[in-house]
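Inspection log for the structure reproduced underneath, given as structure tokens.
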Amino acid sequence: MSDPQTLPQAADIDAIRDRLDGEIAAISDLRALDDLRVAALGKKGEISLMMRSLGKMSVDEKKVMGPALNGLKSDVAALVEARKTALEDAALDAALASETMDMSLPVGRKTGTLHPVPQVMEEMAVIFSDMGFSVAEGPDIEDDFHNFTALNFPPGHPARDMHDTFFLEDGEKVLRTHTSPVQIRIMMSEKPPLRIIAPGRTYRSDSDQTHTPMFHQVEGLVIGEDIHMGHLKGCLMDFVSAFFETDVDVRFRPHHFPFTEPSAEMDVRYERDGAAIKIGTGESWMEILGCGMVHPNVLRACNLDPDVYQGFAFGMGVDRLAMLKYGMPDLRDMFAGDPRWLGHYGFSPLVQASLESGLS
Ligand code: PHE
């Protein structure tokens, strides 16, 4: 039942190949090339339709036309592919020629710097780990128990007001006002002897030249069976000399914290030299940290027997120590995110603080 009028003949095939070859060679963009591929080889394409008609042919016709159509199909596919590669290469050559880069231009300042706060925290961690401390952490959002009650601030105690606390809306949680709650978390979760520092963010509703609502502290805690005030003093004196990389004169002044007894503040000797501050010489004293022997009530709140265990704790302001060491005049600039400030006071992110090669 074949109809020789509409069925393709072997002679047509060469004509189709020649025509498509010419069309493909004339195409100069990838979109048009793909349109041609679909028109010839797609599901309803010219060649695909011709292949479908094979079913209507006689066995003899099929023997000739089957291989001929398959040959046409693969020839046209190869022509399309070759043209595609040629067009893509030409597009790449054109891009390479037009998108040139002048490698002799100066690069400008492209590398970021490490903020002084993480730099100083790293320096502190290096010094304290050399003394056998490990680094602990606690959450920024604290509960009343860890931030106050367990630290021997009974409910209603006036010292709570001195902390200018940020309360969360639920009335239960606070933004921690100091890193001291980490003392509680460590004493409740680990067994003495303990020797940890806890660096982190702290928050108080306060803002002026020497206060920002968010600031950084490093807490220290040492608990053992024979720890006394001499250990506290020796540890902190060694720390400041290592930190400022010079001999530093310190003094301890009696103070009050609910969670330590006795309590003290430690000052370092300094003098002003124009706008700069010189540590270690002069007649002035600057407070840099609070410290003391852990209060028996705090030990009890953490289920430690004060007749067996004693210890000392300290808390220092990282931002202020950074200002002192690196001579920054205003604390608020630290958190203003000004790239010029960071360019000037920032540190190389690729240089690690170490006691051997120097801290900074
Ligand atoms: N948490 C105290 C403060 O923020 C500092 C401190 C820590 C004092 C540990 C004594 C012991 O002011």
Side-chain angles (χ1 to χ4, degrees), residues 117 121 124 128 133 135-140 142-153 157-166 174-188 194-206 210-224 227-237 239-240 250-268 286-299 301-302 304 306 309-321 331:
V117 167
M121 282 183 168
M124 291 177 175
F128 281 111
F133 285 72
V135 175
E137 279 185 318
D140 287 18
E142 264 297 2
D143 51 34
D144 182 275
F145 174 78
H146 291 92
N147 198 80
F148 292 123
T149 306
L151 286 164
N152 200 32
F153 290 79
H157 193 286
R160 290 182 172 221
D161 299 335
M162 284 162 45
H163 274 206
D164 301 307
T165 312
F166 285 113
V174 300
L175 291 180
R176 67 177 175 190
T177 58
H178 49 178
T179 41
S180 301
V182 184
Q183 290 184 36
I184 304 299
R185 292 185 175 275
I186 292 299
M187 282 190 273
M188 295 187 84
L194 300 172
R195 211 185 283 190
I196 60 105
I197 57 165
R201 290 185 172 150
T202 49
Y203 308 83
R204 292 183 201 178
S205 181
D206 205 352
T210 53
H211 296 89
T212 48
M214 186 281 301
F215 57 106
H216 299 84
Q217 289 191 335
V218 167
E219 192 80 9
L221 176 70
V222 174
I223 300 284
I227 304 293
H228 54 71
M229 195 91 183
H231 294 126
L232 178 155
K233 291 178 80 172
C235 171
L236 292 174
M237 287 159 75
F239 165 74
V240 282
V250 304
R251 77 175 179 193
F252 288 84
R253 263 180 306 100
H255 197 71
H256 171 77
F257 298 104
F259 39 92
T260 45
E261 179 57 37
S263 303
E265 282 185 334
M266 190 177 92
D267 301 338
V268 291
M286 166 115 42
E287 180 243 313
I288 60 161
L289 60 86
C291 58
M293 300 305 293
V294 178
H295 196 291
N297 287 350
V298 175
L299 294 167
C302 301
L304 293 177
Y309 296 110
Q310 306 84 43
F312 66 83
F314 55 86
M316 49 190 143
V318 176
D319 317 310
R320 180 177 287 193
L321 280 164
L331 192 59

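Atoms within each ligand, like the ligands themselves, are counted from 1 in listed order.
Contact annotation: the side chain of V182 never approaches that of H146 to less than 4.5 Å [non-hydrogen atoms, C-beta and beyond].
Looking at E142, its side chain never comes within 3.5 Å of a backbone N or O of N147 through a donor-acceptor pair. No donor-acceptor pair under 3.5 Å is formed between the side chain of D164 and the backbone N or O of R204.
Within 4.0 Å of ligand 1, heavy atoms belong to protein residues H178, S180, Q183, R204, Q217, E219, F257, F259, T260, G290, C291, A313, F314, G315.
When all heavy atoms of L151 and P181 are compared, the closest pair comes out as CD1-N, 3.9 Å.
Between F314 and the options F252, F128, F259, a ring pair (Phe, Tyr, Trp, His ring centres under 6.0 Å) holds for only F128.
Residues passing the ring pair (Phe, Tyr, Trp, His ring centres under 6.0 Å) test with H228, sequence neighbours excluded: H231.
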